[in-house]
Chemist: 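Supplied in structure tokens, the structure appears directly below.
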2 protein chains.
Amino acid sequence: MARTQGSHSAQTGPRIREAALRLFAKHGYAAVSMRQIARDVGVQAGALYNYTPDKQALLFDLLKGHMDELLAAWKAEPTPATPTLRLEAFVRFHIRFHLARPQAIFISYMELRNLDPDNFAIIEGLRKRYESTLTGILRDGLTEGSFAVPDPALATYALIAMLTGVNTWYRDKGRLSVDEVSDIYWDMTCRMVAR
Amino acid sequence: MARTQGSHSAQTGPRIREAALRLFAKHGYAAVSMRQIARDVGVQAGALYNYTPDKQALLFDLLKGHMDELLAAWKAEPTPATPTLRLEAFVRFHIRFHLARPQAIFISYMELRNLDPDNFAIIEGLRKRYESTLTGILRDGLTEGSFAVPDPALATYALIAMLTGVNTWYRDKGRLSVDEVSDIYWDMTCRMVAR
DNA sequence: GTCTATAGCGTGATAGAC
DNA sequence: GTCTATCACGCTATAGAC
């Protein structure tokens, strides 16, 4: 331990990802240099290229990893019996998951335009997949007669924007806990879509 | 006309702002160079500094001008008699105003972190001022008894996020007109806050 | 796997000619 | 008001020693 040179491979890889996530979230992808990331990790800039082919791959891996985690976590949630209960589960899941990863959420929304076109298409596909699960819930509730949204596609956009927006104002030491926020947002959601 | 050198001062100033707006919106502030802006305008990089002290001032002027315009436009709207009608006016105004200026909205949300602290505080103050007009409407409706939001502050965040989110998916040649979108969003808003 | 050194280029901003 | 030229520096990515 306390080595200042030599092999750290088991540590360095994850630490590069953590530093990149933190710095990209704080300053933006374009404003962060490979030298800054290296300094943050405690290695020289050249050493980063043992772990990533280039800066673009670093960004893509962060976003791809985040989207995979999001979809896996939602898939792992139990599926309640009624559309109303499924919608409540989605609202609470979305808020909880997003508030637990503010930096990953931030770059997932802010840095999309810095992805190469191929990478962008992949991330955009995964995001659409996630959003379509909400649209599915809304459609189920519509056909079943428990919801009355004017347009499921627009209601999906509206709800996702509303829920994700929590990340822009929520503070850990604030007036409300995650559960209290979730209660209020579920209340508003419910009123918005209920018959 | 068709001069390639000499004074164009009446034209160049606005054209620099337009180019900066377009390029910042497309690639991001940090990723755009003064040379790119100059090329877009058709002058050399040095000439830009006759119009702006530096790149930062260019960004700040765009955001400040946009916020001033937003507040002035809302102030110029008529004020309906009841909270419900005022809320409807706000919803329709917000969507219409934002959809008419997608690039300015985009950089207003994406480039805040690239503002110097002093500039950030000014823009943030103006934004809070705009949002507080919505909170005021919600409070009026609450005391009057026509609304039933659980928390006016959170309802403000939720509504602003929901309404601004339209900019992320709306396309001019899409399925719905601005008025149709506004109708649907007003319907959802109404259901969300109505008693 | 990390280091040092460097290639090749782009950056924001300024000086001075016209 | 715009141009050309330039300063001083930072950038990504690579090469080769260890």
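By convention in this document, chain letters (A, B, ...) are assigned in the order of the sequence lines, proteins followed by strands, and residues within each chain are numbered from 1.
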Chemist: Could you check whether the rings of A:Trp169 and A:Tyr185 sit parallel, tilted or perpendicular, using 30° and 60° as the cut-offs?
Modeler: parallel
Chemist: Check the distance between C:dT4's C1' and A:Leu48's CG and give it to me in whole angstrom.
Modeler: 15 Å
Chemist: Expressed in angstrom and rounded to an integer, what is the separation of B:Gln11 atom CD from D:dT2 atom C1'?
Modeler: 15 Å
Chemist: Output the rounded distance in Å from CD (A:Gln56) to P (D:dC11).
Modeler: 18 Å
Chemist: Pairs under 3.5 angstrom, nitrogen or oxygen only, protein versus nucleotides 8-12 of chain C, please.
Modeler:
unit_1	atom_1	unit_2	atom_2	d
C:dT11	OP1	B:Ser33	OG	3.1
C:dG12	OP1	B:Met34	N	3.4
C:dG12	OP1	B:Lys55	NZ	3.3
C:dG12	OP2	B:Met34	N	2.8
C:dG12	N7	B:Arg35	NH1	2.9
C:dG12	O6	B:Arg35	NH2	3.2

Chemist: To the nearest angstrom, how far is A:His27 atom NE2 from D:dC11 atom P?
Modeler: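 Result: 12 Å.
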Chemist: Is any side-chain nitrogen or oxygen of A:Thr12 closer than 4.0 Å to OP1 or OP2 of C:dT2?
Modeler: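 A:Thr12 to C:dT2 OP1/OP2: side-chain N or O found under 4.0 Å.
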Chemist: Indicate the ring-plane relationship of B:Phe97 and B:His66, choosing parallel, tilted or perpendicular according to the 30° and 60° boundaries.
Modeler: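 Ring orientation, 0 to 90° scale: tilted.
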Chemist: Cation-pi between B:Arg127 and B:Tyr109: NZ/CZ under 6.0 Å from ring centre and within 45° of the ring axis?
Modeler: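 Yes, B:Arg127 and B:Tyr109 form such a contact.
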Chemist: One pair to check against side-chain hydrogen bond (donor to acceptor under 3.5 Å, both in side chains): A:His98 and A:Tyr170. What are the steps and the verdict?
Modeler: CA-CA 11 Å; A:His98 281 57; A:Tyr170 185 84; over 6 Å; no
Chemist: Could you tell me whether A:Arg101 and A:Glu69 make a salt bridge, using a distance below 4.0 angstrom between a side-chain N and a carboxylate O?
Modeler: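 Answer for the salt bridge query: yes.
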Chemist: Can you tell which of C:dG1, D:dT2, D:dC3 lies closest to the side chain of B:Gln44?
Modeler: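 Out of C:dG1, D:dT2, D:dC3, the nucleotide with an atom closest to B:Gln44's side chain is D:dC3.
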Chemist: CE of B:Met192 to CZ of A:Arg191: how many Å apart, nearest 0.5 Å?
Modeler: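 That separation rounds to 8.5 Å.
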